[in-house]
Visitor: 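My questions all concern the structure below.
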Amino acid sequence: MGNPILILKDMPESKKILIWKESVLKYEMLSYFPNIELMEEFFKDRIEDNGQFKTYFLNHMRETHGDYIGAIIDKEEFIKAMINPPPIEESKATPL
């Protein structure tokens with residue numbers, strides 16, 4: 001049996017955020033914390049998306065991890081930000 005994949009293709013961006021919030025994959029991704037490289041690889045490999053969500057979330061992850069490394073937020077705040085990302089804004093969903 002393979003690893004579960006979250007398929008978010010061809011649906012509204014706002015719905016993708018809601019599906020992510022309900023997905024158990026977020027907890028599996030967080031099991032790699034604080035290794036941001038492994039978290040990113042997990043997300044890239046296990047999320048299929050043809051819209052803005054994947055790029056948006058990876059940007060959100062990197063920015064939030066930077067805040068954690070810079071001691072602006074603690075581990076609990078980082079985890080909360082990954083579990084409950086803010087709505088997608090056009091400016092935050094630019095390609096990597």
Visitor: Parallel under 30°, tilted from 30 to 60°, perpendicular over 60°: which one fits the rings of F53 and W20?
Guide: tilted
Visitor: Applying salt bridge (Lys or Arg N to Asp or Glu O under 4.0 Å) as the test, list every pair that has at least one member in residues 15-25; sequence neighbours left out.
Guide: E13-K16, K16-D49
Visitor: By side chain to side chain donor-acceptor pair (under 3.5 Å), which residues pair with D67, not counting sequence neighbours?
Guide: none
Visitor: Please check: side-chain N/O of K54 versus main-chain N/O of E48, any donor-acceptor pairing under 3.5 Å?
Guide: no
Visitor: Just list the side-chain donor-acceptor pairs under 3.5 Å for residues 28-38, sequence neighbours left out, or say none.
Guide:
{"from": "E28", "atom 1": "OE1", "to": "R46", "atom 2": "NH2", "distance (Å)": "3.2"}
{"from": "E28", "atom 1": "OE2", "to": "R46", "atom 2": "NH1", "distance (Å)": "3.1"}
{"from": "S31", "atom 1": "OG", "to": "E28", "atom 2": "O", "distance (Å)": "2.5"}
{"from": "N35", "atom 1": "OD1", "to": "E37", "atom 2": "N", "distance (Å)": "3.1"}
{"from": "N35", "atom 1": "OD1", "to": "L38", "atom 2": "N", "distance (Å)": "3.1"}

Visitor: Test of understanding: with side chain to side chain donor-acceptor pair (under 3.5 Å), list the residues that count as partners of D45, not counting sequence neighbours.
Guide: none
Visitor: Group every Ile, Leu, Val, Met, Phe, Trp and Tyr by side-chain heavy-atom contacts under 4.5 Å, then state whether Y27 and L18 land in the same group.
Guide: no
Visitor: Which atom pairs, donor and acceptor, lie under 3.5 Å between side-chain atoms of residues 72-79 and protein residues at least two apart or in another chain?
Guide:
{"from": "D74", "atom 1": "OD1", "to": "E76", "atom 2": "N", "distance (Å)": "3.2"}
{"from": "D74", "atom 1": "OD1", "to": "E77", "atom 2": "N", "distance (Å)": "2.9"}
{"from": "E77", "atom 1": "OE1", "to": "D74", "atom 2": "N", "distance (Å)": "2.8"}

Visitor: Working note: L25 + F42, criterion side chain to side chain contact (heavy atoms under 4.5 Å, CB included); need CA distance, chi angles, decisive distance, verdict.
Guide: CA-CA 9 Å; L25 288 180; F42 174 90; 4.0 Å; yes
Visitor: If the plane angle is over 60° it's perpendicular, under 30° parallel, otherwise tilted; pick one for Y56 and H60.
Guide: parallel
Visitor: In Å and rounded to the nearest 0.5 Å, what is the CE to CE distance from M61 to M82?
Guide: 6.0 Å
Visitor: Out of curiosity, S14 OG to I19 CD1, how far, rounded to the nearest 0.5 Å?
Guide: 9.5 Å
Visitor: Roughly how far, to the nearest 0.5 Å, is CD1 of I69 from CZ of R62?
Guide: 14.5 Å
Visitor: Report the hydrophobic cluster partners of I7, with the cluster defined as I, L, V, M, F, W, Y residues connected by side-chain heavy atoms closer than 4.5 angstrom, directly or transitively.
Guide: I5
